[in-house]
Every structure is written in structure tokens, then in C-alpha cells.
Number of protein chains: 2
Amino acid sequence: MTTAKKSYHHGDLKGTLEEAAVEIIRLEGVNGLSMRKLADKVGVSRSAPYHHFEDKQALLSAIAHRGFVLQAEAIDAAECQGEAAFEAQVMQFVNAYVNWAVEHPEYYDLMFGSEVWQGNTPPEQFAQESRGYFRRYVERVQRWQRSGHIGQELSALRFAQVSWSSLHGISRLLIDGIYVDKKAQEAICSAAATIFFKV
Amino acid sequence: MTTAKKSYHHGDLKGTLEEAAVEIIRLEGVNGLSMRKLADKVGVSRSAPYHHFEDKQALLSAIAHRGFVLQAEAIDAAECQGEAAFEAQVMQFVNAYVNWAVEHPEYYDLMFGSEVWQGNTPPEQFAQESRGYFRRYVERVQRWQRSGHIGQELSALRFAQVSWSSLHGISRLLIDGIYVDKKAQEAICSAAATIFFKV
DNA sequence: AGCACATCTTGACACTGTCAAAATAGCACC
DNA sequence: GGTGCTATTTTGACAGTGTCAAGATGTGCT
């Protein structure tokens, strides 16, 4: 029962469904994902998925949850280069955030964007996850303030709100193709670092 | 034929449809809008709208277009208080932008967010509209730079990209309920003004 | 063997976007 | 008046959609 055997009914639907769904979303966008196409792709009947996800929303939420975990990992990985200087640290963080978002729109689109999960099921459960995600950033800002690398004129909360908004906005506008020059991405990130962290 | 009489077939479908659609979106979100419900609400048959909008996308695009116009008007109106001091000007602009977005999510959700119009019809036509909108902001930044109110270390384009991202991000996160404390809105705006424009 | 359970499938329902063909209403001119 | 032309709207239809209830099927335990 190595979690992926072929012997059982399917072995590991749930997981397979999530992965297949992510692929469909990557190729065709969130609106291109239908439960039935998904079931087809995986080779089960239309309503098999409903034994693993209550809802389509539930599926999307699960994927979004994955997204939060994956982005956090990616950011941690980018930073784990020992005790770098503050400037390097900031640049690593900013670039890691935006890069991951731009490279994984199939997740990022689901992580934020009420519209997707504003259906019936989880109006709150999910905002909570993103708020938790944000809180971790606030703590990061607090550490930076305590170590004296950024000023204290603004509370950590306010500073975090504005700067994170910027990261989020940059990511969204790049994903949505409004900041069209993909090569500008790095320049924008470093401009953001200049403005917010004076690096 | 005063553009809204009852005598003709309908008088002014198109307009009526747009307004009704906006109302549905306000009440039920973008996903709550269906062409058939819309037709019902207006009192015509399901496929009447298709003679005024090629697509559902076309309808959404029209609404988004309205949104761009309306927000621009709202911002102009907020600023048109003569020649205010730079600080007041900035605060007016920032507040006008975010306020309008938060108060009109039914439009703002459509104005940005590729997902909505990434269907078949207009992949470019629309990114163009938002990019045009952004360009006007770049020009604004250029004026502020020329008048010496903001520094020139960064190009107008970069500065505009980062600061507008922030406005957009703030708006999105407020709309999506991730910055939960609605009362914080003003504080966030003024923090943004502090960071970007030193006011 | 048999049972209990987890898992999957079939049939069905109401709803969606959209199109082709038919109906209707208004206008312009004889 | 009528006659045609065009703009507008409706009906019928098709393929998809999310989701549920009822039935079928395989798995592991005793």
C-alpha cells in the first residue's frame, strides 16, 4: 500500500485528483477546470471525486492550501543561505515571493482572489489561511524592526500591510499581463526593495 | 425615442442589460451572473442579450470599461479642489483610488483579473485598456517628479509600477477580506502615502 | 465463507453559454 | 392603405456543467 499502487480501486485518488487539477488549471486557467473533465482525465467517473472533495470549492481550497505551503517552502529555501546581510536577505525574500507567484499562477490565482471560493462553502475558513500567511510576514517585519534594519515610524502592522500589498500587487499585475515586460520583473522587485527597505 | 422609452422592442436593452448585470454582480459576485438570469431579470428571452453583446465576455468587458471610466471620474472629482498642496493632492489621490475600488468591487473585480476575460475573445484588447489606464498614472508620476515633489533616483516607470502595485494590492486585499479591519483602510492609505511620497 | 466498509459508477435534475431558424415590430417608400 | 427591409426578439436545440441518490463493486477482517 505504497500510497500509489494500482491494485486498489484507484490507489490514491485524492492526490491524483489534486495533481491533475493543478495541471488543468495551469494549461487552461481556473475556468477551464471542470469536475467532469478532471474525472475523465484521471479515468474515473464524474462523481468519484465527490467522495474525496465535498465540493468543487473544496478541491480548489485544497489546491490553494498546497499553494501556501509550497510558496512558504520556496521562500524558506531561497533564504536558507546562512546569515546573509540584510540587503541580500531582503532581495532574496522579495524575489522569491514574486518569482514563485509568477511561475505558479495556477496556485497563486487560487490563494488570493475571493471570487474563486466565495461560493457557499468556506467564506471564512479560507480568508483565515491567507490571514495566517500574512501574519507570518508581519512577524518578519517585526524582526527587521527590532534588528534596526527598518525604521519604527510606522507600526510593523502598517508597514507590513503596505509592503505586502506591493508584493501582492506586483505579482498580480505580472501574472495578469498588465506589466507586460517580463524582463522588467527583476527591476521592479529591486525598485520595491529600494523604496521599502532602502537597499 | 428618448433612449429609454417603453414603446420600441425594448427601448434601450444594451444599457439596461449592463446596469442589471452590475447589480447582479454586486449582489452575488461575478460567478453569480448568468446570461439567462440576466435576461430573466430584464424581462427578455435568454438569447436577446446576444444581439447586443457577442459574448458573456463582451458583456463583462463592457462593464469593466465602464469601471475604468467611472474610477477615473471619481479620482478626477476628488482632486478637482483647485491647486492643493502636494501632500493633500497625494492623499486625495490615494484615498480616491482605494475608496472607489473598495466601494465598487463589482467593477474592480472585472477591471483587473485576467481570469475573468481570459476566455476566447479578447486576450489583448483588454490588457490594453488596463495598460492605458496605468500609463496615465505614469504621467502623473512624471509631473510629480518634474515639480520636484518626489525624487528621481528611480525612473518614473519603476516608481509608478511599485507604487501602483501597492494601491492595487491594498485594494484587492481589502476587497478580498484579507485586510479584515475595514477601519484600517484609511490608516493603510496614509501609511502608503508616507512610504511612497514622504507625506 | 460472510460481513462491513470504503470506494466507485449510473441515472437523473436543474442549470449554464450559445447558436440557427423562425417570429415580430418599426421604418421608408409606393 | 400596402410592401418590403432591417432591427430586434423569441423558440428550439445541443453540448457542458455541478451535484445528488441509489446502486454496484472491490477490499480487508473474522
Side-chain angles (χ1 to χ4, degrees), chain A residues 1-18 20-21 24-25 27-64 110 115-123, chain B residues 1-18 20-21 24-25 27-64 110 115-123:
Chain A
M1 209 220 268
T2 46
T3 311
K5 261 175 53 184
K6 203 70 182 285
S7 68
Y8 200 14
H9 273 127
H10 181 104
D12 171 39
L13 243 181
K14 191 147 184 170
T16 311
L17 285 171
E18 284 185 23
I24 292 180
I25 296 176
L27 298 178
E28 310 183 42
V30 181
N31 291 343
L33 174 69
S34 93
M35 291 304 253
R36 296 167 103 113
K37 248 190 331 196
L38 174 61
D40 261 22
K41 183 187 174 89
V42 167
V44 296
S45 89
R46 54 227 132 95
S47 79
Y50 285 87
H51 290 106
H52 299 271
F53 301 97
E54 192 164 8
D55 244 355
K56 191 183 184 182
Q57 307 275 356
L59 208 208
L60 297 180
S61 293
I63 295 175
L110 292 179
E115 183 200 303
V116 173
W117 63 74
Q118 87 184 179
N120 5 349
T121 345
Chain B
M1 212 221 265
T2 47
T3 311
K5 261 174 52 183
K6 203 71 181 287
S7 69
Y8 200 15
H9 275 127
H10 180 102
D12 171 39
L13 243 180
K14 190 148 183 171
T16 311
L17 285 171
E18 284 186 21
I24 293 180
I25 296 176
L27 298 178
E28 310 182 43
V30 181
N31 291 343
L33 174 70
S34 92
M35 291 304 254
R36 295 167 104 113
K37 250 191 328 198
L38 174 61
D40 261 22
K41 182 186 175 88
V42 167
V44 296
S45 88
R46 56 231 131 94
S47 80
Y50 285 87
H51 290 105
H52 300 271
F53 302 97
E54 191 165 8
D55 243 358
K56 190 182 185 184
Q57 308 274 358
L59 209 208
L60 297 180
S61 293
I63 295 175
L110 292 180
E115 185 199 303
V116 173
W117 64 74
Q118 85 182 178
N120 6 350
T121 344

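Values below: all heavy atoms of this structure, side chains included; hydrogens, waters and symmetry mates excluded.
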- Round to the nearest Å and state the distance from A:E54 atom CD to D:dA21 atom C1'. 16 Å
- Message: How many whole angstroms separate atom CG of B:D40 from atom P of C:dC15?
- Response: 10 Å
- Item | Nucleotide C:dT7, atom P - distance to CG of A:D12 in whole Å | 11 Å
- Query: How many angstroms lie between CG in B:D40 and CZ in B:R46, if you round to the nearest 0.5 Å?
  - Reply: 10.0 Å
- Measure from the side-chain N and O atoms of A:S34 to the backbone N and O of A:K37, and report whether any donor-acceptor pair falls under 3.5 Å. yes
- Message: I want to confirm an ordering. Mapping A:S45 and B:L33 to their closest nucleotides on DNA chain C, which one lands closer to the 5' end?
- Response: A:S45
- Note on the structure: Per nearest nucleotide of DNA chain D, the residue lying toward the 5' end, B:P49 or A:M35, is B:P49
- A:N31 CG to C:dG17 P, in whole Å, measures 12 Å
- Rounded to whole Å, the NZ-P distance (B:K56 to C:dC19) equals 14 Å
- Query: Do A:K14 and A:H51 have side chains that get closer than 4.5 Å, going by heavy atoms?
  - Reply: no
- Message: Does any part of the side chain of B:D55, heavy atoms only, come nearer than 4.5 Å to the side chain of B:L60, both counted from C-beta?
- Response: no
- Query: A:V44 side chain: which of C:dT18, C:dT9, D:dT19 is closest?
  - Reply: C:dT9
- Query: To the nearest Å, how far apart are A:L38 CG and D:dT19 C1'?
  - Reply: 15 Å
- Query: What nucleotide among C:dT18, C:dC8, D:dT10 has an atom nearest to a side-chain atom of B:R46?
  - Reply: C:dT18
- Within the pair A:H52 and C:dA6, is there a side-chain N or O less than 4.0 Å away from OP1 or OP2? no
- Any side-chain N or O of B:S34 under 4.0 Å from OP1/OP2 of C:dG17? yes
- Query: Between B:I24 and B:K41, is any pair of side-chain heavy atoms under 4.5 Å apart?
  - Reply: yes
- Any B:H51 side-chain N or O less than 4.0 Å from OP1/OP2 of D:dT10: no
- Where do B:F53 and B:L59 come nearest, in terms of heavy atoms and distance? CD2-CA, 3.7 Å
- Note on the structure: Against the side chain of B:Y50, the closest entry in C:dT18, D:dC20, D:dG18 is C:dT18
- Query: DNA chain C: B:K37 or B:S47, which has the more 5' nearest nucleotide?
  - Reply: B:K37
- Where the side chain of B:R36 is concerned, which of C:dC8, D:dT19, D:dA13 is the nearest nucleotide? D:dA13
- Message: Nearest 0.5 Å, please: how far is CG in B:L17 from CE in B:M35?
- Response: 8.0 Å
- Note on the structure: Against the side chain of B:A48, the closest entry in D:dT9, C:dT18, C:dT9 is D:dT9
- Message: Roughly what angle, to 10°, lies between the helix axis at the start of the helix from C:dA1-D:dT30 to C:dC30-D:dG1 and the one at its end, five pairs per end?
- Response: 10°
- Query: Are A:I25 and A:L110 side-chain neighbours, meaning at least one heavy-atom pair lies under 4.5 Å?
  - Reply: yes
- Message: What is the distance, to the nearest angstrom, from the CZ atom on A:F53 to the P atom on D:dG18?
- Response: 14 Å
